Amino acid sequence: MASYCSLLYVGVFLPAVVLCYVILPQRHRSKVLLAASYVFFWSVSGKLVVFLLASSLSLHHCGLWLDTVRQEQGRILAETDKAERKAVRAQYTRQMRRILLFALLLHIGTLLTLKYAAFFSVNLNHLLEAMHLPALLPVPAFVLPIGISFYTLQAAGYLIDVYRGTARADRNLGRLMLFLGFFPQIMEGPICRYGQTAHALWEGRPLTWQGLTFGMQRILFGMMKKIVIADRLNILIKTVFTNHADYDGGIIALAMVCYTCQLYMEFSGTMDVVLGSAEMFGVRLPENFRQPFFSQSIQEFWTRWHITLGTWFKDYIFYPLSMSGPLKKLTSAARRRLGGHFGPLLTGAVALFAVWLCNGLWHGAGWQYIFFGMYHFALILCASLAAPLTQRVTGALPGGRDAAPYRVLRIARTGLLVCVGELFFRADGLRAGLAMFRRMVTGFTTHSFTDGTFLQLGMDKHDFFIVLVAVLAVLAVGVLRERGIPLREGIARRHIALRWTVYYALILFIVIFGAYGVGYVPVDPIYAAF
């Protein structure tokens, strides 16, 4: 069961879980989801399921530990004189901070060790060699559990919320285990908060016809994006990125755009399957995409792409750093010296740098991922610095910033900048990314398109046509969503014959034009590797 879009998941596992869920009494339905989640995780990770189990048990214990100290604080404060309450509160706050730090080190430390130990060891060894020092660190080789980057952030968010008092520690171990390991989201997210899903998952809500049909709609649409578009583009992308030195800048630009398309269709398509699966059980997971390629700036793009990761970094890294004592003092000093616009930007840049460094490293242990994070950090910071100038310039344009030609230009510019970032993201290392970018800029030609070379990269003209038709269909749906037109509700209100004509047409389109069959090598989920 390597993918949510596999026949084994959609045709066997998910229907079996739905059947068990519906035939059992409500009080046992949450147990069906919990058992299904651990069976699913075991099927994709084997004995590494022990990491998920250990994370759940430690999360439960540490959350209760924090809650016990908080309740003790409340009792002591109620018995303490007003003059001494400040000291008592500070004492218990320090104690809870130590517990939180221990718990975060336990969870995030496990992630850092398994995912980044080899990367840091290799780079420290290179540094030692450059300094002519003989000492070499061992390079460990750990097996990484699938989804650990996702469920670790969920665990950390829960602990911080309990520490802040915005969530009560859950005494129900089963509910916490299900929140952390719910099978549709365990591999690729979305990254949920405890208050968003934990109780909804444990309620055992009854199945409804609307939930089943809406879930099926979304699953089919997601499978179309993954199987017809993303998987079909994979051969071309793999060919060019693996042998980039053999191609001119035009082919590299084509592969760059195709990879950006593949990544979006793969990830957003998987999210459609994930959210559709949860919707069948009456659970609404948070949206992870909101038509990102309609964005008019890089900053807006990251409020529409991988939304739950961005909001996690904003709430648990950016805001705490921005509101910390040292940065607040620096903000006040910078505001006096640099003014109301550039002063806060200086200190905000510190928190922004931390966010994008973490964002890059979260995606993988490699310099190309760090570069990817710093690339977007630089783009967002430069846009913020230039905001007063751009507002004056665009304000003088006919129609102002809202003029249609200017909006289209901004959307195109943002799309191009995103594609360049994804070039480095996909490249086999930072050096390869820089070489590909240099070839694309200095050696751009269209000869490969006129002499037919681009049709020898694993895709013929029929493949390109199928991808184009499917992309246009996704674009049309995106336009309707951007305009607030409820497409799924509209289809559901139509006559049953028309509804099922649409469903069968989508199924046939996937069956006929999907990338699978004899000689086809299944494409592993991209984001599951992160």
Side-chain angles (χ1 to χ4, degrees), residues 1 4-37 39-40 174-175 178-179 181-226 268-290 307-308 477 480-481 484-507 510:
M1 211 180 312
Y4 289 116
C5 295
S6 68
L7 183 60
L8 183 58
Y9 175 82
V10 176
V12 179
F13 182 79
L14 184 59
V17 177
V18 170
L19 180 62
C20 293
Y21 185 92
V22 75
I23 64 177
L24 288 177
Q26 182 177 1
R27 66 181 183 275
H28 296 307
R29 288 172 178 169
S30 57
K31 299 171 187 175
V32 170
L33 295 182
L34 180 58
S37 298
V39 168
F40 179 86
R175 181 163 53 212
L178 182 55
F179 158 71
F182 183 42
F183 70 88
Q185 68 178 94
I186 188 64
M187 284 207 303
E188 299 191 49
I191 300 165
C192 299
R193 311 294 174 86
Y194 175 80
Q196 290 175 320
T197 61
H199 290 276
L201 287 168
W202 198 251
E203 286 175 9
R205 296 174 176 177
L207 300 185
T208 64
W209 180 249
Q210 177 175 309
L212 291 172
T213 54
F214 277 25
M216 183 189 69
Q217 287 177 7
R218 192 145 194 184
I219 288 172
L220 288 175
F221 188 60
M223 291 182 68
M224 189 273 288
K225 289 197 279 186
K226 168 73 167 68
S268 69
T270 300
M271 286 300 100
D272 286 329
V273 177
V274 166
L275 270 67
S277 299
E279 195 168 6
M280 287 185 164
F281 301 103
V283 178
R284 296 189 67 85
L285 300 180
E287 294 287 345
N288 226 9
F289 290 91
R290 187 170 56 83
I307 298 170
T308 57
V477 172
L480 293 175
R481 287 177 176 172
I485 299 174
L487 181 61
R488 292 202 297 167
E489 290 80 358
I491 294 174
R493 286 195 298 266
R494 302 299 179 187
H495 189 273
I496 187 171
L498 180 58
R499 289 203 310 269
W500 283 97
T501 298
V502 173
Y503 300 155
Y504 278 122
L506 187 53
I507 293 171
I510 296 170

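Please read these numbers as outputs of a predicted model, since none were measured by experiment. Position 1 is the first residue of the sequence, and the numbers go up from there. Reckoned from all heavy atoms, side chains included, excluding hydrogens, waters and symmetry mates.
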Within the distance-only criterion (no hydrogens, no angle test), does the side chain of [X] pair as donor or acceptor with the backbone N or O of [Y] below 3.5 angstrom?
{"X": "Tyr4", "Y": "Pro184", "value": "yes"}
{"X": "Gln185", "Y": "Pro190", "value": "yes"}
{"X": "Gln196", "Y": "Arg193", "value": "yes"}
{"X": "Arg499", "Y": "Arg494", "value": "yes"}

Let me have the donor-acceptor pairs involving side chains of residues 198-207, under 3.5 Å, with sequence neighbours excluded, atom names and distances please.
residue	atom	partner	partner atom	Å
His199	NE2	Tyr194	OH	3.3
Glu203	OE1	Arg205	NE	2.7
Glu203	OE1	Arg205	NH2	3.4
Arg205	NH1	Gly282	O	2.8

Would you name the heavy atoms of [X] and [Y] that are closest together and state the gap between them?
{"X": "Arg218", "Y": "Gly276", "value": "CB-CA, 4.1 Å"}
{"X": "Gly215", "Y": "Arg488", "value": "N-NH1, 4.5 Å"}
{"X": "Arg27", "Y": "Ser30", "value": "O-OG, 4.2 Å"}

Measure the shortest side-chain to side-chain distance between [X] and [Y] over non-hydrogen atoms and say whether it is less than 4.5 angstrom.
{"X": "Thr197", "Y": "Phe182", "value": "no"}
{"X": "Cys192", "Y": "Leu285", "value": "yes"}
{"X": "Val274", "Y": "Glu188", "value": "no"}
{"X": "Tyr9", "Y": "Val273", "value": "yes"}
{"X": "Phe281", "Y": "Arg29", "value": "no"}

[atom1]-[atom2] distance between [X] and [Y], expressed to the nearest 0.5 angstrom:
{"X": "Arg493", "Y": "Leu498", "atom1": "CZ", "atom2": "CG", "result": "12.5 Å"}
{"X": "Thr213", "Y": "Ile491", "atom1": "OG1", "atom2": "CD1", "result": "10.5 Å"}
{"X": "Ser6", "Y": "Lys226", "atom1": "OG", "atom2": "NZ", "result": "9.0 Å"}
{"X": "Gln26", "Y": "Tyr21", "atom1": "CD", "atom2": "OH", "result": "7.5 Å"}
{"X": "Phe214", "Y": "Ile219", "atom1": "CZ", "atom2": "CD1", "result": "13.5 Å"}
{"X": "Arg175", "Y": "Leu34", "atom1": "CZ", "atom2": "CG", "result": "12.5 Å"}

Taking the basic N atoms (NZ, or NE/NH1/NH2) and the acidic carboxylate oxygens, is any pair closer than 4.0 Å for Glu287 and Arg481? no

For the residue pair Trp500 and Tyr504, does the interplanar ring angle fall in the parallel (under 30°), tilted (30 to 60°) or perpendicular (over 60°) class? tilted

Criterion side-chain contact (heavy atoms from CB on, under 4.5 Å) against Leu220, the qualifying member of Asp272, Ile507, Val10: Ile507

Under the criterion side-chain contact (heavy atoms from CB on, under 4.5 Å), which of Leu178, Leu14, Val39 is the partner of Phe183? Leu14

Please lay out, stage by stage, how Leu8 and Phe13 fare under the test side-chain contact (heavy atoms from CB on, under 4.5 Å). CA-CA 6 Å; Leu8 183 58; Phe13 182 79; 5.6 Å; no

Run Leu24 and Lys31 through side-chain contact (heavy atoms from CB on, under 4.5 Å) and show every step you take. CA-CA 10 Å; Leu24 288 177; Lys31 299 171 187 175; over 6 Å; no

For Arg290, which residues count as a salt bridge (charged side-chain N to carboxylate O under 4.0 Å, His left out) partner, sequence neighbours excluded? none

